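A short write-up of the structure that comes next.
Because the structure is a prediction, the values reported are computed rather than measured. Numbered from 1 within each chain, the chains take letters A, B, ... in sequence-line order.
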2 protein chains.
Amino acid sequence: MKNASTDDTRRRLLEAAGQVFAERGFQAATVREICGRAGANVAAVNYHFGDKERLYIEAVRYAHCSGIDAPDPTWPEGTPPERKLRDFIRGMLENILHDTRPAWQAQLIVRELIEPSQACVEMVENYIRGKYDILQAILAELMPPEVPPSDRRLVAFSVVGQCLYYTKIHKPIGELLVGEDEYRSFDLDRLTDHITRFTLAALGRQPLFARPGGARV
Amino acid sequence: MKNASTDDTRRRLLEAAGQVFAERGFQAATVREICGRAGANVAAVNYHFGDKERLYIEAVRYAHCSGIDAPDPTWPEGTPPERKLRDFIRGMLENILHDTRPAWQAQLIVRELIEPSQACVEMVENYIRGKYDILQAILAELMPPEVPPSDRRLVAFSVVGQCLYYTKIHKPIGELLVGEDEYRSFDLDRLTDHITRFTLAALGRQPLFARPGGARV
DNA sequence: TCAGGGTTGAAACGTTCGTTTTAAGCGCAG
DNA sequence: CTGCGCTTAAAACGAACGTTTCAACCCTGA
């Protein structure tokens, strides 16, 4: 029969593994550190997951199944697409800047995005695909219908690329380039505002630079 | 006295180390594989560089001192900033897509950008800083003078972010999202064109979507 | 109470890693 | 030729890794 503490150990291992994998990467992370942080024995990894690699896959899955992202947003009928785009960008930046949720989860996912493993395909299909489709739908509202879908996908990548630049692991470079103080000023609100307005301006929806009487979103 | 073959072994180690580090990352790369690929003994690493970490630092330095990037471009007086921006973006994409030069050099640098090590600070100061300043100067020509420098830096990050998205290590995700065939169509020319036009449109220089009589760069 | 399966703990296993040691090879000055 | 730095080769070292073993433990059902 299943012991009550089993699921606890399993869950603690998943959380600890996510943190350690996020901090150090797959190779550099050690099962001893994971188990130490989880308060479990090293044998627990092999008992519960078989080996280190399957623990990693499960940790990635756990990371974005344990509430890292709010349910896909739904907007009331008639919401202007500019507003939807802003919400989307803000949501993505929230995950990246980990302003709201445990840092390691977002970082683990970003790490997986950057250095894909076997866990990548599953994550793309289960998580990214959905977000990507939402962004595509928003852009379809913002762009002329005669623009080919392939070009729309390029625009989507431009939006995502702008957001992904602020990944935590880019931080040292950003700080070196603009200084720590200014880099700190690039917070969620400011980046949301900038990327949204930059994108809307590129799509011809509104000018990037404020002008008297200019429309805002 | 210095043996003539010494510099050869050193150089072969640096090249092999660059390739292996680029493929596997610092932790996963082994000095045995590096030495095997370089046709050298494992002791050569410690003899020439002291240890694995200093070999890595030297390999990163070697990677962008051995002609990965053309000398900083200079434009004739009166070159329109739109043209400069296009050249800059194309140059950056060239390095990223490694269409022209040895793949591993660009990848090693990108890897360093993503997971900074001790070699990062030096590389930022010696390499990225220069590129970044050039981009800033171009943007200064393209933007109204009253825009604060801090906002100009955000625009620069938007440009760089769009380019960095097409890093080789994003490729699996891109292929899963849009299909291999279409992803293959995102080549140097098309991406240069898209990112340049997207950015210029955002800056209010020209519309993103072709219109009759619209100006092109 | 007792037997038995699920779970944990401590220790050890075999492997691979980075590094070191030791000796031989090489080219040249004396 | 001889001796001496510089460089390379082969082998081994100690440490750390992932993994396995096995006995003890705990909980539950009979």
Side-chain angles (χ1 to χ4, degrees), chain A residues 1-62 104 108 111-112 115 117-119, chain B residues 1-63 108 111-112 115 117-119:
Chain A
M1 168 166 281
K2 275 233 161 195
N3 202 330
S5 66
T6 303
D7 290 342
D8 251 30
T9 302
R10 212 184 127 90
R11 189 183 44 75
R12 276 185 290 115
L13 275 176
L14 284 174
E15 300 228 2
Q19 297 181 34
V20 177
F21 282 133
E23 286 174 18
R24 312 213 188 283
F26 178 78
Q27 283 281 348
T30 70
V31 300
R32 280 174 171 81
E33 179 176 1
I34 292 171
C35 292
R37 215 180 282 196
N41 190 270
V42 286
V45 166
N46 296 80
Y47 178 77
H48 286 282
F49 301 96
D51 56 17
K52 181 186 179 186
E53 186 172 350
R54 265 171 290 185
L55 168 62
Y56 176 75
I57 293 175
E58 293 290 330
V60 172
R61 185 181 310 174
Y62 178 83
W104 62 271
L108 181 62
R111 203 179 260 279
E112 182 66 18
E115 198 158 3
S117 75
Q118 190 186 336
Chain B
M1 167 169 283
K2 273 236 165 194
N3 201 330
S5 67
T6 304
D7 290 343
D8 252 29
T9 302
R10 209 186 130 90
R11 190 182 41 77
R12 277 185 288 115
L13 274 175
L14 284 175
E15 301 227 2
Q19 296 181 35
V20 177
F21 282 135
E23 287 175 17
R24 313 212 188 283
F26 178 78
Q27 284 282 348
T30 70
V31 301
R32 279 172 174 82
E33 179 176 1
I34 291 171
C35 292
R37 215 181 282 198
N41 191 270
V42 288
V45 165
N46 296 80
Y47 177 76
H48 287 281
F49 301 97
D51 56 18
K52 181 185 178 186
E53 184 171 353
R54 266 171 289 183
L55 169 62
Y56 176 75
I57 293 174
E58 293 290 332
V60 172
R61 185 181 309 172
Y62 179 82
L108 181 62
R111 204 179 261 280
E112 183 66 16
E115 200 159 1
S117 73
Q118 192 187 336

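Ion pairing of B:E58 with B:R54 is absent here, as no side-chain N (NZ or NE/NH1/NH2) approaches a carboxylate O to less than 4.0 Å. Contact check on B:R12 versus B:E15 returns no salt bridge, with no Lys/Arg side-chain nitrogen under 4.0 Å from an Asp/Glu carboxylate oxygen.
The side chain of A:H48 contributes no N or O atom lying less than 4.0 Å from OP1 or OP2 of C:dG6. Contact check, A:T9 against C:dT7: no side-chain N or O comes under 4.0 Å of OP1 or OP2.
With rounding to whole Å, B:K52 atom NZ is found 8 Å from C:dC17 atom C1'. Counting to the nearest Å, the P atom of C:dC17 and the CZ atom of B:F21 are 13 Å from each other. In this structure, A:E33 atom CD and D:dG18 atom P are separated by 10 Å, rounded to whole Å. In this structure, B:I34 places its CD1 atom 11 Å from P of C:dC17, rounding to the nearest Å. One interatomic measurement links the two molecules: CG of A:D8 to C1' of C:dG6, which rounds to 15 Å at whole-angstrom precision. Note: CG (A:D51) to C1' (D:dT19) measures 9 Å, nearest angstrom. We find that CG of B:L13 is positioned 12 Å from C1' of D:dT8, with the value rounded to whole Å. For the pair A:R12 CZ and C:dT8 C1', the computed distance is 11 Å after rounding to whole Å.
Residues satisfying the side chain to side chain donor-acceptor pair (under 3.5 Å) test with B:N41, not counting sequence neighbours, are none. When the side chain to side chain donor-acceptor pair (under 3.5 Å) test is applied to B:R32, no partner is found at least two apart in sequence or on another chain. Looking at residues two or more places apart in sequence or on another chain, you find no side chain to side chain donor-acceptor pair (under 3.5 Å) involving B:Q27. Qualifying side chain to side chain donor-acceptor pair (under 3.5 Å) partners for A:E53, counting only residues two or more places apart in sequence or in other chains: none.
When heavy atoms are screened at a 4.0 angstrom cut-off, A:A29 is found touching the sugar-phosphate backbone but no base atom.
The side chain of B:Y47 sits closest to D:dC6 out of C:dT19, D:dC6, D:dT19.
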Which protein N or O atoms sit under 3.5 Å from an N or O of nucleotides 10-16 of chain C?
residue: C:dA10; atom: N7; partner: A:N41; partner atom: ND2; Å: 3.1

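Pairs engaging residues 41-50 of chain B under the salt bridge (Lys or Arg N to Asp or Glu O under 4.0 Å) rule: none recorded [sequence neighbours left out].
Both A:A28 and A:N46 sit near DNA chain D, but only A:A28 has its closest nucleotide nearer the 5' end.
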